[in-house]
**Student:** 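I'd like to ask some things about the structure below.
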Amino acid sequence: MRLTRRILATLALATLALAPADRAARAEEPVVVFAAASLKNALDDASAAWTRATGKTARISYAGSNALAKQIEAGAPADLFISADLAWMDYVDRAGLLKTGSRVDFLRNALVLIAPGPKNGAADPQIALAPDLGTTLTRILGGGRLAMATIDAVPAGKYGKAALEKLGAWDAVKGQVAQAENVRAALLLVARGEAPLGIVYATDAAADPSVHVLATFPADSHPPIIYPAAVTEVSRNPDAGALLGYLRGPEARGFFERQGFTVVAQQPGASQ
């Protein structure tokens, strides 16, 4: 009996000795971020700055918001989810997969029509989003494809379809749409000259010097482009909330604004 008590005491001391180290190891694990593909440039820069400032790291997986939401639903171990629209964040929220009180509106964006070729500033040609837009687009396409993200699932594709419908041009071009798995894939089709036109976010066009903007869709032609962010319910990484707070704060604002995003102002007392 005395030997058993001695063994148990030794094991307890060993457990206590290891527990702080174990907690420290967990705290030093990278924050796993699932983020909309359109965030890549700005978020890469912002997360690198966070690493320099704190010594912490983030591991970021970029894809269409629909694909990321489905992965989280399937049990993927994401700590932080940043969607390119409210609908896919709502989807994850309704499934009970977000940490209560962590969800915030993070960024805003705009939607643009692009064509291949480098930016030339004021010399870039513009087209009018007039009632005959369908005819204009058909003429420019000339039998080619209009690159868009998947129109019934990916946020950029859904916004693009809504804008074309609002402007009366969808029926004219729907048979020529080349659907890509995410908005960056649609951008790439135009950048490579494989599609004469594309619809992407303004931030995507700003990130690629091999395309130029032909027109910006009116804000009232599609639902507001809002990027919500939240910590997932399964996250046990104590740095997840800290990273989200940093991304929304003044230190990171410039990285997003330089890419053309608008950072949504934090409300007093809002959860971090």
Side-chain angles (χ1 to χ4, degrees), residues 34-40 42-43 62-70 72-73 81-95 97-98 102-114 127-131 133-134 137 146-174 177-187 197-207 213-230 248 256-257 259-267 270:
F34 279 16
S38 51
L39 286 164
K40 180 168 175 50
L43 191 54
Y62 295 104
S65 300
N66 58 312
L68 297 172
K70 293 287 189 178
I72 292 171
E73 182 184 37
F81 178 37
I82 310 176
S83 171
D85 74 349
L86 298 172
W88 284 111
M89 186 65 78
D90 289 343
Y91 180 90
V92 176
D93 203 354
R94 285 194 299 270
L97 299 174
L98 300 182
S102 70
R103 177 175 173 171
V104 293
D105 288 345
F106 177 27
L107 301 166
R108 294 181 183 272
N109 211 336
L111 197 68
V112 297
L113 179 70
I114 60 169
I127 69 169
L129 301 179
L133 176 61
L137 294 180
L146 171 62
M148 297 175 65
T150 307
I151 59 174
D152 60 354
V154 180
K158 295 192 295 182
Y159 292 132
K161 180 182 177 184
L164 292 174
E165 287 178 332
K166 177 77 171 183
L167 296 169
W170 177 248
D171 286 342
V173 299
K174 63 184 180 182
V177 172
Q179 298 187 58
E181 64 180 355
N182 60 60
V183 69
R184 284 300 173 98
L187 174 70
L197 293 175
I199 297 178
V200 299
Y201 296 124
T203 52
D204 297 307
V213 174
L214 293 177
T216 299
F217 289 92
D220 63 359
S221 67
H222 52 76
I225 302 175
I226 298 173
Y227 288 60
R248 300 179 67 216
F256 295 100
E257 290 181 341
Q259 292 295 326
F261 290 101
T262 299
V263 179
V264 177
Q266 297 188 39
Q267 299 299 315

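All heavy atoms count here, side chains included; hydrogens, waters and symmetry mates do not.
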**Student:** Nearest heavy-atom pair of Leu129 and Phe217: which atoms, and what distance?
**Tutor:** CD1-CA, 3.7 Å
**Student:** Ring centres under 6.0 Å, that's the criterion: do Phe106 and Phe256 meet it?
**Tutor:** yes
**Student:** With Met148 as reference, evaluate Val173, Val183, Leu164 under the side-chain contact (heavy atoms from CB on, under 4.5 Å) test and give the passing residue.
**Tutor:** Leu164
**Student:** Would you compute the distance between atom CG of Asp85 and atom NZ of Lys158 and round it to the nearest 0.5 angstrom?
**Tutor:** 4.5 Å
**Student:** Could you tell me whether a side-chain N or O of Thr262 sits under 3.5 Å from a main-chain N or O of Arg108, the two making a donor and an acceptor?
**Tutor:** no
**Student:** Heavy atoms only: give me the nearest Leu146-Ile199 pair and the separation to one decimal.
**Tutor:** CD1-CG1, 4.1 Å
**Student:** Would you mind reporting whether Leu39 and Thr203 have side-chain heavy atoms less than 4.5 Å apart?
**Tutor:** no
**Student:** State, without any angle test, whether Tyr91 and Ser83 hold a side-chain donor-acceptor pair at a distance under 3.5 Å.
**Tutor:** no
**Student:** Less than 4.5 Å apart, any side-chain heavy atom of Val263 and any of Leu107?
**Tutor:** yes
**Student:** Is the backbone N or O of Lys70 less than 3.5 Å from a side-chain atom of Trp88, with the two atoms forming a donor-acceptor pair by type?
**Tutor:** no
**Student:** For Ile72 versus Leu97, what's the shortest heavy-atom pair and its separation?
**Tutor:** O-CD1, 3.9 Å
**Student:** Has Glu181 got more than 12 heavy atoms of other residues, nucleotides or ligands less than 6.0 Å from its CD?
**Tutor:** no
**Student:** Taking the side chain as every heavy atom from C-beta outward, state whether Asn109 and Gln259 have any atom pair closer than 4.5 Å.
**Tutor:** no
**Student:** Applying ring pair (Phe, Tyr, Trp, His ring centres under 6.0 Å), run through Tyr227 and Phe261 and close with a yes or a no.
**Tutor:** CA-CA 10 Å; Tyr227 288 60; Phe261 290 101; 5.4 Å; yes
**Student:** Report the distance from atom OG1 of Thr150 to atom NZ of Lys161, rounding to the nearest 0.5 Å.
**Tutor:** 12.0 Å
**Student:** What's the shortest heavy-atom distance between Ala110 and Ile225, and which atoms?
**Tutor:** C-CD1, 3.9 Å
**Student:** Can you find a pair of side-chain heavy atoms, one from Ile151 and one from Trp170, that are under 4.5 Å apart?
**Tutor:** yes
**Student:** To the nearest 0.5 angstrom, please state how far the CD1 atom of Ile226 sits from the CG atom of Asp105.
**Tutor:** 5.0 Å
**Student:** Under 4.0 Å between a Lys/Arg side-chain N and an Asp/Glu carboxylate O for Asp204 and Lys40?
**Tutor:** no
**Student:** Mind listing the closest non-hydrogen atom pair of Ala128 and Leu133 along with its distance?
**Tutor:** O-CD1, 4.0 Å
**Student:** Could you tell me whether the side chain of Phe34 reaches within less than 4.5 Å of the side chain of Ile82, counting heavy atoms only?
**Tutor:** no
**Student:** Going from CG on Leu214 to CG on Leu113, what distance comes out if it is rounded to the nearest 0.5 angstrom?
**Tutor:** 5.0 Å
**Student:** What pair of heavy atoms forms the shortest contact from Leu68 to Ala36, and how long is it?
**Tutor:** CD1-N, 3.9 Å
**Student:** Can you confirm whether Leu98 sits close enough to Met89 that some side-chain heavy atom of one is under 4.5 Å from a side-chain heavy atom of the other?
**Tutor:** yes
**Student:** Tell me, please, which residues at least two apart from Lys166 pass side chain to side chain donor-acceptor pair (under 3.5 Å).
**Tutor:** none
